[in-house]
Amino acid sequence: MARAGGPGSFVFGEEERKEVMEVLEGRYLFRYGAPDVEGYTHKVVDFEDALKKTMGAKYAVATTSGTCSLLASLAALGIGAGDEVIVPGYTFIASISTIMLAGAIPVLAEIDESLTIDPTKIEALITPKTRAIMPVHMLGNPCDLEKIMEIANRHNLYVIEDCCQAVGASYKGKRCGTYGNIGAFSLNIFKTISTGDGGAVITNDENLYERAFGYHDQGHKPNRTGVEIGNRSIIGMNMRMNELTGAVAVAQTRKLDEILTTLRTKKAMLKELLSDLPHISFRKINDEGECATLLTLLFDTKELAEKFCEKTGGRPIAYSGWHVYNNMEQVLGKLLPAKTMNVNDRVYEKHMLPQTDDILERAVNISVGVVDKGLGSGYGINILSTEEEIKDVAKNIREIILSL
């Protein structure tokens, strides 16, 4: 079986080993410590510092997953019972389920041919209960942030950037995650850089940083500094990253820009080799600062997309599991966790987003850096593919499409 994972997982090497061995040799795995604590190597703090510098953010909090990062972001903004959050119907389920777990109400929005939220469809969804928009930079492609931020500012709404599939992406020269009030990241095995599982929150707002940090660690002030009894402002959970995960995260963050450069080069080569084919177009890219982890083909019809996938052993994106609202049985119909909290009388039904359905039925992902059948990208290339291998894959795709 072909290896699956994100580009970061394909380039594990001596750098990660060195960082991890320093932790193991110190025999101290807890994220908190001090210079006089024997064996403390402050890898989580180093990761947070490296991420802040890389993303151009003032504050960062390392977490145990992208899901936890989204929960901490919602909590930091005080989003809860009865609040509405606009989120696209094409996203990993965590974007939607975390809103529900916060006691709030997900309001599903259409996507456009960028496979990210359609800005022209947002304003019609805004009600007096709307508190935030959660744009998801899906498949590494930045959302149209300029339009989204204009809408959010005009309606006085928070923006939570879900950057879980877009670590390192940028929009108009600025890293994703720094446009909104707060940004959430994932370091899962299928992401741009990986620690197996892990995540982070970034923000430029000190109060949001303090609240996100508190939520991720039982309400404590950042890094548990100072006398805290009587000063905690939020009820929190335990989402702390440990030092072994932090060690891998440090090494991976140092590789991020090189990973992105490599992916963009290989995607450009593959795309150019397919650029003259009939029956297809390519997904709209909102900014060339995308992560280039996937090449998405948009077929003229869903029938052509399905015939293509029969030849490659894949499925159109519409069938890619819990990334499509139609496939989220936990959310659809009457299975609404938020019902028990009496905050959600909204019913989510299959095919309630016709524009999204039409696009995803015709869309097929070809792997470039993320090899993941769950995203419909089990076929294609990876970050280690040679020029010859890229040409071979392009040749095979050409032959299939020309035979349709």
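Only a predicted model underlies this, so the values are computations on that prediction, with no experimental measurement involved. Positions are given from 1 along the sequence.
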Under 3.5 Å, is there a donor on one side chain and an acceptor on the other for [X] and [Y]?
| X | Y | answer |
| --- | --- | --- |
| S69 | T63 | yes |
| N141 | Y171 | no |
| D118 | T120 | yes |

Aromatic centroids of Y325 and Y348 separated by under 6.0 Å: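 No, the ring of Y348 stays outside the 6.0 Å limit from the ring of Y325, centre to centre.
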Supply the atom-to-atom distance [X] [atom1] to [Y] [atom2], rounded to the nearest 0.5 angstrom.
| X | Y | atom1 | atom2 | result |
| --- | --- | --- | --- | --- |
| L274 | I401 | CG | CD1 | 6.5 Å |
| I193 | L256 | CD1 | CG | 5.0 Å |
| T296 | I317 | OG1 | CD1 | 5.0 Å |
| I99 | L70 | CD1 | CG | 8.5 Å |
| K266 | S385 | NZ | OG | 6.0 Å |

Counting only heavy atoms from other residues, nucleotides and ligands, does the tally under 6.0 Å from [atom1] of [X] exceed 12?
| X | atom1 | result |
| --- | --- | --- |
| R398 | CZ | yes |
| K121 | NZ | yes |
| N156 | CG | no |
| K52 | NZ | yes |
| K174 | NZ | yes |
| R27 | CZ | no |

Backbone of [Y] reached by a side-chain donor or acceptor of [X] within 3.5 Å:
| X | Y | value |
| --- | --- | --- |
| E110 | Q355 | yes |
| T98 | A94 | yes |
| N153 | M149 | yes |
| E161 | G183 | no |
| Y28 | E243 | no |
| R362 | T301 | no |
| K43 | V23 | no |
| S194 | N188 | yes |
| K221 | E210 | no |
| N365 | L375 | yes |

So does R154 pair up with E150, basic N to acidic O under 4.0 Å? yes
So that I can tick it off, tell me whether E113 and R283 are bridged by a salt bridge, with the cut-off set at under 4.0 angstrom between side-chain N and carboxylate O. no
After noting the C-alpha distance and the side-chain angles of Y319 and E306, does the key distance pass the side chain to side chain contact (heavy atoms under 4.5 Å, CB included) rule? CA-CA 11 Å; Y319 303 99; E306 288 171 355; 3.2 Å; yes
Do Y90 and L360 pass the side chain to side chain contact (heavy atoms under 4.5 Å, CB included) test, and can you show the C-alpha distance, the side-chain angles, and the key distance before you say yes or no? CA-CA 9 Å; Y90 178 50; L360 298 183; 3.9 Å; yes
Specify the closest pair of heavy atoms between [X] and [Y], including all atoms of both residues, with the distance to one decimal.
| X | Y | result |
| --- | --- | --- |
| Y179 | R175 | CD1-O, 3.9 Å |
| D112 | P119 | OD2-CD, 3.8 Å |
| S170 | D287 | O-OD1, 3.4 Å |
| G82 | I105 | O-CD1, 3.9 Å |
| P316 | V364 | CA-CG2, 4.3 Å |
| I366 | L270 | CG2-CD2, 4.1 Å |

[X] versus [Y]: any side-chain heavy-atom pair under 4.5 Å?
| X | Y | value |
| --- | --- | --- |
| L24 | L244 | yes |
| W322 | Q330 | yes |
| D46 | E19 | no |
| T195 | T245 | yes |
| L101 | L71 | yes |
| I96 | M328 | yes |
| V370 | P7 | yes |
| E206 | K58 | no |

Test side-chain hydrogen bond (donor to acceptor under 3.5 Å, both in side chains) applied to S377 and D372, step by step: CA-CA 5 Å; S377 61; D372 179 9; 5.6 Å; no
Using side-chain hydrogen bond (donor to acceptor under 3.5 Å, both in side chains) as the criterion, point out the one residue from E16, E22, E14, E15 that pairs with K18.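 Checked E16, E22, E14, E15 against K18; only one passes side-chain hydrogen bond (donor to acceptor under 3.5 Å, both in side chains): E22.
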Could you walk me through whether I79 and I160 pass side chain to side chain contact (heavy atoms under 4.5 Å, CB included), step by step? CA-CA 11 Å; I79 290 172; I160 304 160; 3.9 Å; yes
Would you please classify the geometry between the [Y] ring and the [X] ring as parallel, tilted or perpendicular, with 30° and 60° separating the classes?
| X | Y | value |
| --- | --- | --- |
| H323 | F92 | tilted |
| Y209 | Y59 | parallel |
| F30 | Y32 | perpendicular |

Show the numbers, then the answer: is there a side chain to side chain contact (heavy atoms under 4.5 Å, CB included) between D357 and N326? CA-CA 9 Å; D357 294 348; N326 283 326; 3.0 Å; yes
Checking E387 against K391 for the salt bridge (charged side-chain N to carboxylate O under 4.0 Å, His left out) test, could you report, in this order, the C-alpha distance in whole Å, the side-chain angles of both residues, the deciding distance, and whether it holds? CA-CA 6 Å; E387 183 174 339; K391 289 178 178 178; 3.4 Å; yes
K267 and salt bridge (charged side-chain N to carboxylate O under 4.0 Å, His left out): which partner among E288, E272, E290?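 With K267 as partner, salt bridge (charged side-chain N to carboxylate O under 4.0 Å, His left out) holds for just one option, E290.
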From CA spacing to verdict: side-chain hydrogen bond (donor to acceptor under 3.5 Å, both in side chains), S65, D197: CA-CA 6 Å; S65 69; D197 262 318; over 6 Å; no
Tell me whether R131 forms a cation-pi arrangement with Y158, defined as NZ or CZ under 6.0 Å from the six-membered ring centre and within 45 degrees of its axis. no
Test salt bridge (charged side-chain N to carboxylate O under 4.0 Å, His left out) on R31 and E48; report intermediate values, then the result. CA-CA 11 Å; R31 75 151 285 162; E48 290 170 337; 2.9 Å; yes
